[in-house]
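Below is one structure; the comments refer to it alone.
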Amino acid sequence: MAQYTRVSGSVGLITLQSPPVNALSAAVRQGIVDSMQRALSEPEVKSVVICGQNGIFSGGADIKEFGGQMSGPPLIPMIHAIEAASKPVVAAIEGIALGGGLELALGCHYRIAHSKARVGLPEVTLGLLPGAGGSQRLPRLIGVPAALDLITTGRYVTAAEALKFGLVDQITDHNTVNVAVKFAQRVAGQPLDARRISTYPCLCPPDVDVLFEEVMQRVRRTARGAIAPIACVQAVRAAATLPYNQGMERERELMATLFTSGQTRALQYFFFAQRAVGRWSMPSGARWDTSKPRPVHKAAVIGLGTMGRGITVALAQAGFSVVAVETQEKQLMEAKQAISGMLERGAKRRGVAPALDKINYGCNIQSVADVDLVIEAVFEDMALKKKVFQQLSAVCKAGTFLCSNTSGLDIDQLACQTRNPELVVGMHFFAPAHVMKLLEVVYGPKSSPLAVATAMQLGKKIGKVSVAVGNCRGFVGNRMLKPYLEQALFLLEEGATPEFVDQVLEEFGFAMGVFRMSDLSGLDVGWKVRMADGLVVPNSTTGQATRLRQGRRYSPLGDLLCEQGRFGQKTGRGWYQYNKPGSQVAKPDPWLHSFLDEYRARHTLVARRIDHQEVLERCLYSMINEGFRILEDGIAAGPEDIDIIYVFGYSWPRHRGGPMFYATTVGLNKVLERLEHYHQAHPDVPSLQPCDLLRKLVASGSPPIQKWREVIKKVRSQL
Ligand SMILES: CCCCCCCCCCCCC/C=C/C(=O)SCCNC(=O)CCNC(=O)[C@H](O)C(C)(C)COP(=O)(O)OP(=O)(O)OC[C@H]1O[C@@H](n2cnc3c(N)ncnc32)[C@H](O)[C@@H]1OP(=O)(O)O
């Protein structure tokens, strides 16, 4: 709702009241409409101020309303009425004015912002465009190039930047509402024609066509199939080329297309999923709201390879004191140099001083005796990690949390090496650790809620999206990656090429196809894991056993490439060829194609034509099936956890919501039916066998994803 009061005798003050962010719900819109009518009809009132309660102007349209039937006064006519008002209306912007909130402020005649306020039009991140006139008013106010930047990226700007753009008229360090009221008194009675942004001409640079062409090309390149950024460019182009009313019509048309697209539904789901993962729970019943974290002041990182360096940078940049330990002297020297470089580059970008003094380096594990939390990031080798955990347990002060950055090893085995297994959790970062947003916080059977809460809070403080997951081989992300990679290899055996599989996956929206990704991360990484698992049989070129291991179908293609020293980008050869080791430009490799032909001939496999649909279905549905197993096993508490992990950690296209949400858009019954089909064709591939939870969900009528937790609870209680 909105509260109307009269202040200083002649100013009508409209306060938006819809906690926590004063979203423009139907009740708020009704409140604004009613309050404006009162303000305009009261003769004593000469001007109006609109503000939001609790120091927040508005977080925009109420996203929860988008899915259903919209009621209440619509936003666009409401904003038009404000702009057309005969008395000056001043927006007093505190906290944030985002999306519809900023569009409301653009309908006002003046905008006063607090110096700490941030404004922006983030609709594009929800699969929309600023459809309440924002795409037409912003370019008229701040010019086409700046408007294109803000609208296509959705980025927020500070009050200072907004003032520079001319987006706000004044900024203040004082009480914004008081300043706005005084301002409103001053401008009362002044002519308003020149203050109505919709009447402004849209000032364009002379080379505006070139500008639009360049922006459109960039947007198409980076959108990975998302349609909203493209519609945003088209809407701003309408502002630049059409009269306001026609521009509004175009905005409405584009908005209608987006509104009914699956992409906006996926992105809105994703918005709430990001918030849902913060409300973690463990199978024991421990939860985010009943488990208090312990403050961490000083942390340590053990092992300064690529991951350890990134983690050290992330901690130091967030203001933590870090003890960074590397026992190999040469590696320590290199790490120091690399970390300083990363900190300096990061600080330069953000215009702050590099946090070099936050780090103390050491070559001895004894130097971590007084820290509150340790993150072990040594080589992915269980024996080595066990030794480190034994040492840490002996060295660290009582109560120190011991965390491992393992990407999939058993957290419980590590916990067993320590005096206090309840203080042990996994903190699985993703490379590069100071850049990637995702953190899997892995709890073992002995991990305490205190340890989980502390790791989750630390993750938040260093800017990560943290997801609490249970302990199993590969946790959530890497466990689901296994069937995906496996299917990709089987497809090569059956006739596909790496280029074709990658092209299909990239068209779907992945930043990188599976083979390009494998070349980037190094084929040797998986090879070592398979060797440790006893799956690799060196130099095995023929015989049935080559393609069957531990009772299931196995493709040795990756092992055979590794035997040839083809580890990917770093060796200049992998699934593709590169100009030189370290180069990132992948080119199809005729050698690889002949190698595949020979391999198929050796195993009497007849290459067949594989189409887009089969690549997508086999790679994605097998991965989704594993996701259902993860839910069934209680390793992830809900589908949101899996989807967040896949978007932030594995470049799953955000506009498709994540693998589990994507399954709902395909239809769970179709996923089930196709898995059954492929499993029948490949009975020796267990990952294609539909899991019980998927069957149960289909049997219970494929409920919406928000209801899955109830079905999961039932399935788990029956186990
Ligand atoms: C059928 C054809 C029709 C065609 C015609 C179409 C015409 C349509 C006209 C309508 C045009 C509408 C145009 C406008 C669109 C918009 O405004 S879209 C919304 C834009 N705003 C945003 O994207 C902001 C989203 N919010 C945030 O970024 C952050 O929440 C925040 C505001 C910066 C605050 O951050 P923080 O303090 O970290 O808190 P959070 O935890 O993120 O949020 C707190 C709770 O508030 C909920 N919430 C936040 N914003 C909204 C919102 N806009 N709507 C609803 N709810 C919101 C958030 O979910 C949190 O709640 P919980 O999930 O319960 O914790």
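Numbering of ligands and ligand atoms starts at 1, following listing order. These numbers come from a predicted model, not from an experiment.
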Subset of ligand 1 atoms that lie under 4.0 Å from at least one heavy atom of [X]:
X      : answer
Phe272 : 59 (O)
Gly99  : 17 (O), 20 (C)
Leu126 : 18 (S), 19 (C), 23 (O)
Gly60  : 17 (O)
Ile96  : 32 (C)

Can you report which non-hydrogen protein atom sits closest to [atom], along with the distance?
atom                    : answer
atom 4 (C) of ligand 1  : Ala256 CA, 3.6 Å
atom 49 (C) of ligand 1 : Val21 CG2, 3.6 Å
atom 16 (C) of ligand 1 : Ala61 CB, 3.4 Å
atom 56 (N) of ligand 1 : Lys64 NZ, 4.0 Å

Please report whether [atom] has a protein non-hydrogen atom at a separation of less than 4.0 Å.
atom                    : result
atom 21 (N) of ligand 1 : yes
atom 47 (C) of ligand 1 : no
atom 61 (O) of ligand 1 : no
atom 38 (O) of ligand 1 : no

N/O separation below 3.5 Å, [X] to ligand 1:
X      : result
Ile63  : yes
Tyr156 : yes
Gly131 : no
Arg275 : yes
Gly100 : yes

Original post:
If you measure from atom 25 (C) of ligand 1 to every heavy atom of Phe66, Phe259, Phe271, which option wins on shortest distance?
Top reply: Phe271
**OP:** Return the option from Met255, Gln268, Gln274 holding the heavy atom at the smallest distance from atom 10 (C) of ligand 1.
**Re:** Met255
Ring centre gap for [X] and [Y] strictly below 6.0 Å:
X      : Y      : value
Phe510 : Tyr646 : no
Tyr244 : Tyr200 : no
Phe508 : Tyr662 : yes

Heavy-atom gap [X] to ligand 1 smaller than 4.0 Å:
X      : result
Leu128 : no
Arg279 : yes
Glu103 : yes

Original post:
For ligand 1, is any non-hydrogen atom under 4.0 Å from Asp62's backbone (N, CA, C, O), its side chain (CB onward), both, or neither?
Top reply: both
Subject >> Within reach of ligand 1, part of Pro20 (heavy-atom separation under 4.0 Å) >> reply: side chain
**OP:** Hey, could you give me the OG1/CZ distance between Thr125 and Phe270, rounded to the nearest 0.5 Å?
**Re:** 10.5 Å
**OP:** Drop me the distance from Arg220's CZ to Ile227's CD1, to the nearest 0.5 angstrom.
**Re:** 11.5 Å
Side-chain ion pair, [X] and [Y], N-O less than 4.0 Å:
X      : Y      : result
Lys64  : Asp62  : no
Arg279 : Glu640 : no
Arg250 : Glu253 : yes

**OP:** Find out whether the Lys NZ or Arg CZ of Arg265 is both under 6.0 angstrom from the six-membered ring centre of Tyr269 and within 45° of the ring's axis.
**Re:** no
Original post:
Between Ser35 (side chain) and Ile14 (backbone), is there a donor-acceptor pair under 3.5 Å?
Top reply: no
Original post:
Taking the side chain from Arg654 and the backbone from Leu267, do they hold a donor-acceptor pair closer than 3.5 Å?
Top reply: no
Original post:
Side chains of Gln268 and Thr264: donor-acceptor distance under 3.5 Å anywhere?
Top reply: yes
**OP:** Report yes if some heavy atom in the side chain of Met427 is under 4.5 Å from a heavy atom in the side chain of Lys464; otherwise report no.
**Re:** no
